[in-house]
**Q** 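First the structure, then my questions, so here it is.
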Number of protein chains: 2
Amino acid sequence: MIAPQPRPTLNEVAARAGVGRGTASRVINGQAKVSEQAREAVERAIAELGYVPNRAARALKTQRTDAVALVIAESEERVFGEPFFAGIVRGIGAALGAAGRQLVLLLAQASERRGTLDEFLTRQHVDGVLLLSLHDDDQLPGRIREHGLPVVVGGRANPALETDFVDVDNVQGARLAVEHLVGSGHRRIATIAGPPDMVAGHSRYEGYAAALEAAGLPVDEALVAHGDFGQASGESAMRALLERSPAPDAVFCANDLMAAGALRALNDAGVQVPEDIAVVGFEDAPIAASTHPPLTTVHQSPEEMGREMVAMLLAAMADPTTPRPGRMLPTRLVVRASS
Amino acid sequence: MIAPQPRPTLNEVAARAGVGRGTASRVINGQAKVSEQAREAVERAIAELGYVPNRAARALKTQRTDAVALVIAESEERVFGEPFFAGIVRGIGAALGAAGRQLVLLLAQASERRGTLDEFLTRQHVDGVLLLSLHDDDQLPGRIREHGLPVVVGGRANPALETDFVDVDNVQGARLAVEHLVGSGHRRIATIAGPPDMVAGHSRYEGYAAALEAAGLPVDEALVAHGDFGQASGESAMRALLERSPAPDAVFCANDLMAAGALRALNDAGVQVPEDIAVVGFEDAPIAASTHPPLTTVHQSPEEMGREMVAMLLAAMADPTTPRPGRMLPTRLVVRASS
DNA sequence: GTGGTCAGTGGGAGCGTTCCCACAGGCCAA
DNA sequence: TTGGCCTGTGGGAACGCTCCCACTGACCAC
């Protein structure tokens, strides 16, 4: 190990700069009412001493921690395995870092969820909370807000909960995909929808139905199959769709993984993509570029979502009273060889 | 929002319990020299007031933060997409939570890596560092230790760096897999190895070669192909191996994703698994259970690895002088239908 | 009795900030 | 000249905790 570094304090900085503690503090916090001369002297002293404010002392005095919690409930822990959420975390990390905030990761165990939650509420070790949630019925946001901590929910949030949130515009994305299929001349457009109890599930279906209606096409129950966002479920859903008659000439899958499963089923069945049937996914996950054929899909930007979540939370922390509208991030279509 | 909660202080707890601040503090920190009577009174007061120590004040006084950083370098950010690392993070989160430590996530940008690093060293906002690293040449551990902060590296660490680490016993796992193939009567056992510049790559190859030697079988260069741990690379490597003659009767893949690719290539080529050729993977990733046929593979426990990393770091924090041996976690074979 | 030890206790000091108040000095209008 | 204001400044106080020292009163051995 190394010699313990004697961290300089504000007092030493002030002394070296030949000013008072107050003035030095004002410089550091960028407040007005400091002469140019004093400011320069303090800045020089800071640089020379390598001074960095002691966070604990600051937190003690200001009652703020400059830390933000990212809460991932146990049931959502698999998010780490999903590239989409990995991207969100990356965006969050970058944005918080740029804002000088620490990211405290909280993996809440279901069993001790209440306890864990109360802990960081009571200890007030964070100034705000970011929540990654998949489920409609999650009561967490409300509970956190009850304690006076700002919360922003990201990804697949339930708009019904009155909470600040950022989400991909699933409806618009699905419309984009279906409009593309319609525009390519397809008329019997099937869908492999996600679970209706997830926002991503039902709102993508909603967009699908809306696009069909807008094109004057009927929404045919025979062309709707459901999956659970897993590859295997996409495979079996596609098999089921192939048995319907007349067979669909296109299929919109609510995510890329199910689309990959569908491609597999089509391949097994000897159906040509995109000649016999066009396939479109949603998410633009890494897998989309490496399927056979490469998948046309709706692109969403997880990093942007993470950044937006942070921006919204910082705004909420700065001004808790003004209500903020939920933010829907636009999507765009990436056309590859499957359509 | 809600009425701002007036957090009780230690003073109020002491007053209510009818003792001095010192006694109350002793009770809270579990120190001896407190009468049973006083202890009970303080504990009752704590419960009644819902007192929780102020972390900032404690940190200011003790110079410790009770927080641990998990550093993920940008080049490793994709770890989030990997189930294995997701599991590690889960294990780390659980173990730190149980130890009453906060997990501060640091996604170090390559561009500002030095700055970010120095930041949390200087600010000493954490008491220790956990590092998830894939690359052999990473200088981070040394740099962090230079500043007197304990570090534990997890996953694919380079044993050559003199740093505390926890890793899966890749050599032993690979031996297990190959011994299983040998035991099933296979003689021309190929391997799809990972990149030699990753520990997981070369040490699994090492185990493969060692097991062959131990069985008196030659290590035939014609039976060795390389991939990059991605599915596509496994597919093309398998195709290459099929062209060698005589064809292998078994193949050990350095991870499950490449094994999945290999299965795909075999399926395309009309080769029966396991009748014509046996396939074994490494990792026991979720995908292993859903391939066709389900994959025999070497199981490793990422959660355990995360927990071990935390245990080692806590030990290092408690006693920085005693050197700790690197910890190799055992693996076990999971036999499914592909062998 | 006296002196020592020792469990148990109370409270001062100080960790490094920020906030705020007091105040110096310059300037302008009366 | 006097009063008022306004910019810039210094330093006391406090945030809530832990550490440590001083102290009390039992208890024991002499």
Side-chain angles (χ1 to χ4, degrees), chain A residues 4-43 45-46 49-67 100 102 119-120 122-125 127, chain B residues 4-46 49-67 100 102 119 122-125 127:
Chain A
Q5 22 179 4
R7 306 218 306 136
T9 74
L10 183 58
N11 249 327
E12 299 171 47
V13 170
R16 183 174 193 116
V19 301
R21 229 174 45 254
T23 302
S25 176
R26 258 160 292 199
V27 171
I28 288 162
N29 295 294
Q31 293 174 13
K33 310 283 186 77
V34 177
S35 69
E36 203 49 48
Q37 189 184 1
R39 162 164 283 116
E40 272 172 26
V42 171
E43 278 167 355
I46 288 175
L49 294 172
Y51 168 78
V52 180
N54 179 308
R55 192 166 231 157
R58 185 177 272 180
L60 176 60
K61 183 61 192 174
T62 61
Q63 308 282 34
R64 299 184 312 108
T65 62
D66 280 347
Q102 283 197 337
E119 171 139 334
F120 73 74
T122 317
R123 298 203 175 195
Q124 60 187 62
H125 287 149
D127 301 330
Chain B
Q5 22 179 2
R7 304 221 304 138
T9 73
L10 184 58
N11 248 327
E12 299 171 46
V13 169
R16 182 171 194 119
V19 301
R21 231 173 46 256
T23 302
S25 176
R26 260 159 292 196
V27 171
I28 288 163
N29 295 294
Q31 292 175 13
K33 309 282 187 81
V34 177
S35 69
E36 202 50 45
Q37 189 184 2
R39 163 164 282 117
E40 272 172 24
V42 171
E43 279 166 355
R44 200 174 326 116
I46 289 175
L49 294 172
Y51 169 78
V52 181
N54 179 309
R55 191 167 230 156
R58 184 177 276 179
L60 177 60
K61 183 62 190 176
T62 60
Q63 309 283 34
R64 300 184 312 108
T65 63
D66 279 347
Q102 283 196 336
E119 171 139 331
T122 317
R123 298 205 175 195
Q124 59 187 61
H125 287 149
D127 301 331

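The sequence lines fix the lettering, A, B, ..., with proteins before strands; numbering per chain opens at 1. Any value given below was found using the heavy atoms of this structure, including those in side chains, with hydrogens, waters and symmetry copies removed. No experiment lies behind these values; they were computed from the predicted model shown.
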**Q** Please find the pair of heavy atoms, one from A:Thr65 and one from A:Arg55, that lie closest to each other, and give the distance.
**A** O-NE, 3.8 Å
**Q** Measuring from atom CD1 of A:Ile46 to atom CZ of A:Arg16, what distance do you get when rounded to the nearest 0.5 angstrom?
**A** 12.0 Å
**Q** Taking the side chain from B:Arg26 and the backbone from B:Gly22, do they hold a donor-acceptor pair closer than 3.5 Å?
**A**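 Flag set: sc B:Arg26 to bb B:Gly22 pair under 3.5 Å.
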**Q** So which one's nearest nucleotide on DNA chain D is more toward 5', A:Lys61 or A:Ala38?
**A**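 Whichever sits nearer the 5' end wins; that is A:Ala38.
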**Q** When rounded to the nearest 0.5 angstrom, what is the spacing between OG1 in B:Thr23 and CD1 in B:Ile28?
**A**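 Rounded to the nearest 0.5 Å, the OG1-CD1 separation comes out at 11.0 Å.
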**Q** Looking at every strand, decide which applies to B:Gln31 at a 4.0 Å heavy-atom threshold: base, sugar-phosphate, or nothing.
**A**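 Since only primed, P, OP1 and OP2 atoms lie under 4.0 Å of B:Gln31, the category is sugar-phosphate.
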**Q** Looking at every strand, decide which applies to B:Ala14 at a 4.0 Å heavy-atom threshold: base, sugar-phosphate, or nothing.
**A**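 Nothing, no nucleic acid heavy atom in range.
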**Q** Mapping B:Gln37 and A:Asn29 onto DNA chain C by nearest heavy atom, which one lands closer to the 5' end?
**A**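 Checking each residue's closest nucleotide, the 5'-ward one belongs to B:Gln37.
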**Q** If you compare all heavy atoms of A:Val27 against all heavy atoms of A:Arg39, which two are closest, and at what distance to 0.1 Å?
**A** CG2-CA, 3.9 Å
**Q** May I ask you to say what A:Ala56 touches in the nucleic acid, namely base, sugar-phosphate or nothing, with a heavy-atom cut-off under 4.0 Å?
**A** nothing
**Q** Quick one: how far along DNA chain D does chain B reach, first to last nucleotide 5' to 3', anything under 4.0 Å to a heavy atom?
**A**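 The contacted stretch runs from D:dG16 to D:dC19.
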**Q** Determine the minimum heavy-atom distance between B:Leu49 and B:Pro8, stating which atoms define it.
**A**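 Result for this residue pair: O-CG, 3.5 Å.
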**Q** Identify the 5'-most and 3'-most nucleotides of DNA chain C with at least one atom closer than 4.0 Å to a non-hydrogen atom of chain A.
**A** C:dG16 to C:dC19
**Q** Please list, by residue number, the residues of residues 19-27 of chain A whose heavy atoms come closer than 4.0 Å to an atom of DNA chain C; answer none if no residue qualifies.
**A** A:Arg21, A:Ser25
**Q** List the atom of B:Ser25, the atom of B:Leu10, and the distance in Å for their closest heavy-atom pair.
**A** CB-CD2, 4.0 Å
**Q** Please report the shortest heavy-atom distance between B:Tyr51 and B:Thr9, naming the atom on each side.
**A** CE1-C, 3.6 Å
**Q** Any idea which heavy atoms bring B:Ala57 and A:Leu60 closest together, and the distance?
**A** CB-CD1, 3.6 Å
